[in-house]
Amino acid sequence: MSEHHHHDHDHSDLSDTELRVRALETILTEKGYVDPAALDLLIETYESKVGPRNGARVVARAWTDPAYRARLLTDGTPAIAELGYAGRQGEHIVALENTAELHNMVVCTLCSCYPWPVLGLPPVWYKSAPYRSKAVKDPRGVLRDFGFEIPATTKIRVWDSTAEIRYVVLPMRPEGTEGWNEERLAELVTRDSMIGTGLPKQPHEVG
Amino acid sequence: MDGAHDMGGVPWTDPVRPEPNEPPFHAEWERRAFAITLAMGMPGGWNIDMSRFARENRPPPDYLSKSYFEIWLAGLERLMAERGLVAPDEVAAGHALHPAKPVTRTLSAEGVAAMLHRGGPTEREPAGPARFAVGDGVRARMINPPTHTRLPRYVRGHVGTIAAVRGCHVFPDSNARGAGEDPQWLYTVAFDGLEIWGKESDPALEITVDAWEPYLEPA
């Protein structure tokens with residue numbers, strides 16, 4: 001897919017797509033099919049409430065609470081719901097544990113399946129042709145695109161989200177974080193580390 | 001269907017380009033397109049598999065030339081046009097020209113949180129036992145249906161191993177056609193990179209797909 005970088009335009013310079021969306025919203029509102037207040041709330045929810053901070057809390061809890069970690073890896077959906085995250089595009093969540101021997105990476109080659117309740121909406125690159133094509137064939141090449149490598153001896157398992165199971169990676173806890181509390185640990189957990197295209201931040205990166 | 005959306009393993013020379021601190025939306029129209037798509041699910045009455053098919057069922061040049069939310073928009077317009085909810089002349093005119101069709105439900109602001117929290121679970125009570133168990137060898141069937149399917153081309157015909165049994169789930173191939181949920185056992189199937197890509201493959205690569213029982217045969 002092309003990745004146009006659209007910019008906000010003033011009224012004199014609306015693209016066909018912008019005009020089309022505006023037309024549709026007008027028609028749907030006039031016909032009573034949509035409530036503009038509901039649209040605003042949907043946008044606000046995914047811009048400010050649901051995002052990778054949710055997943056970071058799940059990971060930090062798993063790093064500090066062995067019983068929680070066990071529940072998360074056994075049955076992800078209820079364990080994640082314990083922290084209040086559930087619902088659309090996260091009805092059936094499976095957590096994947098990274099180890100020194102195994103690195104997990106998540107993709108959706110057919111569209112854009114992604115665990116919304118814990119990560120929010122997927123980034124453009126996750127939905128892009130280069131990622132969707134390359135992740136299953138050359139995942140180490142993808143990791144290089146992200147600026148890092150893992151040892152050649154580390155096995156890579158790529159999870160293609162072809163059904164309604166949503167996958168989230170439980171990354172390895174960085175060394176040098178002994179005694180850190182959950183809140184502090186959550187600061188280390190990046191979105192990409194929960195997709196498998198990144199690693200958590202190191203302690204010195206968060207000061 | 002076989003289409004440009006089925007991208008696994010397709011050669012693509014561009015690198016993956018992460019955007020630092022990427023926002024969820026890159027333009028106001030993307031926000032609105034996202035929101036009307038979610039909100040129209042209720043009055044529209046279609047299911048997620050119908051939505052996916054409406055997005056992917058287009059000639060490859062069309063699919064590949066559209067940005068992600070442009071595809072969503074095109075899919076939404078198609079679903080609405082098929083059901084007589086919004087006609088093309090109305091989109092051209094920019095406002096309603098025909099009376100609204102009665103719809104059973106709409107999404108109110110008060111209903112947003114509950115709708116999102118409910119989501120759309122797909123697991124159903126099984127009608128019978130699962131055919132395969134963890135560790136069984138299976139071959140992904142060689143199928144090329146003209147209708148919606150979730151078996152990616154790159155695994156078709158290849159042999160893998162059942163890695164997990166995920167329960168019995170709504171079968172997209174049936175649900176997308178409006179032919180009922182026809183729930184089927186769902187498995188995570190692990191394939192060796194060498195089996196899928198041949199001897200050029202990374203020897204330490206394993207790929208999993210989630211596959212419904214009708215996609216699989218014993219190997």
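Note on naming: letters A, B, ... go to the chains in the order of the sequence lines (proteins, then strands), and numbering restarts at 1 for each one. Given the structure is predicted, the values throughout are model-derived calculations rather than measurements.
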For the residue pair B/T208 and A/Y167, confirm or rule out a side-chain donor-acceptor distance under 3.5 Å. no
A/E30 and B/A96 have their tightest heavy-atom pair at OE1-N, 2.6 Å
Sort B/L186 into side chain, backbone, both or neither according to what part of it lies under 4.5 angstrom from a heavy atom of chain A. side chain
B/D202, part contacting chain A, at a heavy-atom distance under 4.5 Å: side chain
What verdict does the side-chain contact (heavy atoms from CB on, under 4.5 Å) test give for B/L116 and A/V50, after you've listed the backbone C-alpha separation in whole Å, the side-chain angles of each residue and the deciding distance to 0.1 Å? CA-CA 11 Å; B/L116 295 177; A/V50 181; over 6 Å; no
Atom of B/Y63, atom of A/L110 and distance for their closest heavy-atom approach: OH-O, 4.4 Å
Residue among A/G90, A/S161, A/A81, A/C111 with most heavy-atom pairs under 4.5 Å to chain B: A/C111
Considering all heavy atoms of both residues, which atom of B/R17 and which atom of A/W125 are nearest to each other, and what is their separation? O-CB, 3.8 Å
Taking side chain as everything from C-beta outward and backbone as N, CA, C, O, which of these in A/E47 sits under 4.5 Å from a heavy atom of chain B? Side chain, backbone, both or neither. both
Which pair of non-hydrogen atoms, one from A/A38 and one from B/L107, has the smallest distance, and what is that distance? CB-O, 3.5 Å
Filter on ring pair (Phe, Tyr, Trp, His ring centres under 6.0 Å), then keep only pairs touching residues 76-100 of chain A, sequence neighbours left out; what's left? A/H92-B/H169
Under 4.5 Å from any heavy atom of chain A - which part of B/P99: backbone
B/E206 side chain to A/V158 backbone, donor-acceptor under 3.5 Å: no
One pair to check against side-chain contact (heavy atoms from CB on, under 4.5 Å): A/D160 and B/Y154. What are the steps and the verdict? CA-CA 11 Å; A/D160 192 353; B/Y154 72 89; 2.7 Å; yes
Can you give me the closest heavy-atom contact between B/F69 and A/K127, atom names plus distance? CE1-NZ, 3.8 Å
Minimum heavy-atom separation for A/Y33 to B/P43, with atom names? O-CG, 3.6 Å
Under the ring-ring contact (aromatic ring centres under 6.0 Å, His included) test, residues paired with B/F191 that sit two or more places apart: none
Checking B/P172 against chain A: side chain, backbone, both or neither under 4.5 Å from a heavy atom? neither
For chain B, which of A/D35, A/T77, A/V136 has the most heavy-atom pairs under 4.5 Å? A/V136
Honestly, the part of A/P123 sitting under 4.5 Å from a heavy atom of chain B is both
Pairs of heavy atoms under 4.5 Å with chain B: top-ranked of A/K134, A/R20, A/R144: A/R20
Is A/T197 in contact with chain B via its backbone, its side chain, both, or neither, using a 4.5 Å heavy-atom distance? neither
Test B/M115 against A/R88 for side-chain contact (heavy atoms from CB on, under 4.5 Å), laying out the working first. CA-CA 8 Å; B/M115 183 272 280; A/R88 192 180 179 105; 3.6 Å; yes
A/E164/B/R52 under salt bridge (charged side-chain N to carboxylate O under 4.0 Å, His left out): CA gap, chis, key distance, verdict: CA-CA 12 Å; A/E164 301 308 322; B/R52 290 201 180 114; 2.7 Å; yes
At a 4.5 Å cut-off on heavy atoms, which part of B/I196 comes close to chain A: side chain, backbone, both, or neither? neither
In terms of side-chain heavy atoms, does A/S112 have a donor or acceptor partner in B/Y68 at a distance below 3.5 Å? yes
Would B/V86 and A/L28 satisfy side-chain contact (heavy atoms from CB on, under 4.5 Å), going step by step from the backbone distance to the final call? CA-CA 8 Å; B/V86 174; A/L28 298 175; 3.5 Å; yes
What part of B/V103 lies closer than 4.5 angstrom to a heavy atom of chain A: side chain, backbone, both or neither? side chain
Flag the one option from A/V94, A/L19, A/L39 with the top tally of heavy-atom pairs under 4.5 Å to chain B. A/L39
In terms of heavy-atom proximity below 4.5 Å to chain A, should B/R150 be classed as side chain, backbone, both, or neither? both
Contact part of A/V107 toward chain B, heavy-atom cut-off under 4.5 Å: side chain, backbone, both or neither? neither
Taking the basic N atoms (NZ, or NE/NH1/NH2) and the acidic carboxylate oxygens, is any pair closer than 4.0 Å for A/D40 and B/R32? yes
A/A152 portion near chain B, given a 4.5 angstrom heavy-atom threshold: backbone
Heavy-atom cut-off 4.5 Å, strictly under: side chain, backbone, both or neither for B/M42 against chain A? neither
Identify which part of B/T122 has an atom lying under 4.5 Å from any heavy atom of chain A, answering side chain, backbone, both or neither. both
For A/K201, I'd like to know if atom NZ has over 12 heavy atoms of other residues, nucleotides or ligands within 6.0 Å. no
Side chain from CB out, backbone as N, CA, C, O: work out which of these in B/T188 comes under 4.5 Å of a heavy atom of chain A, or both, or neither. side chain
For the candidates A/L121, A/T26, A/V142, which exhibits the highest count of non-hydrogen atom pairs separated by less than 4.5 Å from chain B? A/L121
What class does the angle between the rings of A/W116 and B/F34 fall in, given that below 30° is parallel, 30 to 60° is tilted and above 60° is perpendicular? tilted
Measuring heavy-atom distances to chain A, does B/L73 have an atom under 4.5 Å in its side chain, in its backbone, in both, or in neither? side chain
With a 4.5 angstrom heavy-atom cut-off, which part of B/E123 approaches chain A: side chain, backbone, both or neither? both
